[in-house]
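These notes concern the structure reproduced below.
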Amino acid sequence: MCGIVGYIGTQQAAPLLLEGLARLEHRGYDSAGLAVLGSGLRVAKKAGRVRDLGADLPKRFTGKAGIGHTRWATHGPANDVNAHPHVDAKGDVAVVHNGIIDNAATLRQQLTDDGVDLASDTDTEVLAHLVARSTADTLEERVAEALAAIEGTYGIAVLHADFPDRIVVARNGSPLIIGVGDKEMHVASDLGALVRYTTTVAHLDDGEMATLTATGFTTYRQDLTRIAREATEVDVDPSSYDAGEHDSFMRKEMLEQPSAAERVLRGRLDERFGTGHLGGLDMDARETRAIKRVKILGCGSAYYVGQMGASLVEELARIPADAEAASEFRYRNPVIEPDTLYVAVSQSGETIDTLLAVQEIRRKGGRVIGLVNVVGSAIARECDGGIYLHAGPEVAVASTKALTNMFLGFALLALQLGRVRDLSIADGKRLIAGLSRLPEQIQEVLDGEDALADLATDLADAESLFFVGRVRGFPVAREGAQKFKEISYRHAEAYQTSELKHGPLALISPEVPTIAIVPADELTDRNVGALHEIAARGGPLVVVTHADVDLGEVPCRRIDVPRNERELDPILLTIPLQLLAFHAAQVLGHDIDKPRNLAKSVTVE
Ligand code: F6R
């Protein structure tokens, strides 16, 4: 959430920073800004997209050191003034910031009482004034002094006209990665902004600061004691951060699902013993057997796929399991049990609510593993072990391929937990065979895109829709509704099919379509009964089902997906819902990768 870039070296900073910001724009896109240090400090910032900022840069906006920011508003509306960088009254200090300063109101009041005119509504601006007011000898000391007054989370980068040879950065809760180039240094909140220039990087940890000069970097704690931090090579293909021939990242990422699924399964299917092989869990059979409960924590789509994961664990391992929104978890003072396995699930590995839940569990002595896509991310590092999802970079705000790989990660985990308990080798092998078939079957669903696009065109007209499912199908419905509302901005509500007649049936009408998840399983007949009830009230129906399900005389449009093992069906039922949401959003002319009000990686509470 919000993107930071910084550069210091031998080239003009502004074009490099603009390019970096364009790559980070999915992290926040309501305004953007740059500061460069040349003959003095110059700032340009603007509400709107990075391209608007680039088109409007003042003439001779030159300097070989600079910082940039793309914003997702927290304090104050998205306008030119509230855009970052923020500067002090004299215009000597420029600061960009991700995160939230919790005591900003108090600090703003103190500054105002001291006669400082605050230009913006933001929390960040106080930092610029605090750095400017410090009289310490070095920029590092001034920044550390300012940070000592601050409560909250931050990733920051600071430029100061009196210290033109350096950028000082600091991290507490919002990621910062330093990139080492040839006589130049970069910094960014996300690897994607760096990989075009360098793949030699160093991650900062919380509570750490760094100074970047054209020739290198030094790292230290906030008390300014030095710490050694080596830069290392990351194995990443820079082109995986490009949309290539696709007109959106979401479409690219949906189409990548078969290959992403193959990657998460590779080397993890033990066909001989019919189990999963997850080295990263770091638990022997005795420890695995001792687990009495599984609790899954994630936010948004990661929470919904966590519900699918909980079903898998209960069905395959017969261990009580549930999923909870990580954003609520720590606020109810949860009881942490020593024989519960906690599982944090996150694409970015940065979602602050999930990270704080992990920290709460660990503080109370619980064991928590991560299902995380971004290698080396905060959640991955905080957990006691885990499963990397290998989905590759996910740029579109709407999560697709990462979500699919989360499901597969849960299936592997459930298999491994099941096979040290009562899941038979025959069932284990049945599921391994099912998992091996999945990438091809996902491709089959994707191949049906044209028909789904037609259907989406009709659904796009509806102001309000229901997504319904039961048991395994309910999280599918929740995820389908999530995708639909997120990018089409239509009201989409998920419900258990069984609950419709307890209230929401009152809303069913010819104007309110229902997308029903009706797999071939033990609940098919009951689900078909509910379809009749919806049809009888004139509700248009789209049914996501299997070819051998007999829907009788129910008037509906059906989407048949390939059958796998029933436990694994939910992911195949989910894929068409991604395509429906995508095409509805496209028909409505929305910016698919950057839906309004949202941003990728929610790093503020
Ligand atoms: C929905 C979506 C969000 C994320 C959620 C968690 O398409 O992308 O709901 O799933 O913000 O993000 P991660 O997985 O990065 O923790």
Side-chain angles (χ1 to χ4, degrees), residues 1-2 26-28 72 173-175 189-192 248-251 253-254 257 260 264 296-309 323-329 343-358 368 370-383 386-407 409-410 467 475-476 478-489 492 494 574-575 577-582 584-585 590 592-605:
M1 199 158 253
C2 300
H26 58 296
R27 301 183 67 103
W72 183 86
S174 287
S189 51
D190 189 300
L191 194 59
S248 71
F249 277 99
M250 183 177 175
R251 188 170 151 74
E253 289 158 9
M254 284 192 298
Q257 289 179 106
V264 71
I296 298 165
L297 296 155
C299 293
S301 290
Y303 163 40
Y304 304 141
V305 75
Q307 290 191 310
M308 298 183 202
E324 182 172 340
S327 47
E328 290 288 282
F329 179 72
V343 185
V345 56
S346 173
Q347 187 289 125
S348 60
E350 276 177 36
T351 302
I352 193 79
D353 289 314
T354 311
L355 178 63
L356 292 173
V358 171
V368 50
L371 253 71
V372 176
N373 193 36
V374 176
V375 175
S377 55
I379 295 171
R381 284 189 287 161
E382 192 78 32
C383 287
I387 305 169
Y388 274 125
L389 300 172
H390 302 307
E394 191 176 71
V395 175
V397 167
S399 185
T400 53
K401 62 176 179 170
L403 180 124
T404 294
N405 280 17
M406 287 170 185
F407 179 87
F410 281 121
F467 285 73
V476 175
R478 292 190 90 182
E479 171 55 14
Q482 161 95 337
K483 280 289 153 304
F484 210 89
K485 66 185 113 185
E486 191 171 28
I487 56 174
S488 79
Y489 317 152
T574 302
I575 311 281
L577 306 183
Q578 301 171 346
L579 289 159
L580 284 181
F582 174 86
H590 297 159
I592 288 181
D593 288 337
K594 300 185 185 73
R596 72 180 179 207
N597 303 340
L598 300 178
K600 193 87 175 157
S601 307
V602 183
T603 54
V604 294
E605 260 198 280

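When a ligand or atom number is given, it counts from 1 through the structure's own listing order.
Counting heavy atoms from C-beta outward, Met406 and Leu389 have side chains that approach closer than 4.5 Å.
Closest approach of Thr354 to Val345, counting heavy atoms only: CG2-O, 4.2 Å.
Between the side chains of Lys600 and Ser399, no donor-acceptor pair of N or O atoms lies under 3.5 Å. Side-chain contact annotation: Gln578 with Thr400, donor-acceptor N/O pair under 3.5 Å absent. A donor-acceptor contact under 3.5 angstrom links the side chains of Glu479 and Ser301, judged on distance only.
Protein residues having a heavy atom under 4.0 Å from any atom of ligand 1 are Cys299, Gly300, Ser301, Ala302, Ser346, Gln347, Ser348, Thr351, Val397, Ala398, Ser399, Met406, Gln482, Lys483, Glu486, listed by chain and number.
Taking the six-membered ring wherever Trp is involved, the centroid distance between the rings of His590 and Tyr489 falls below 6.0 Å.
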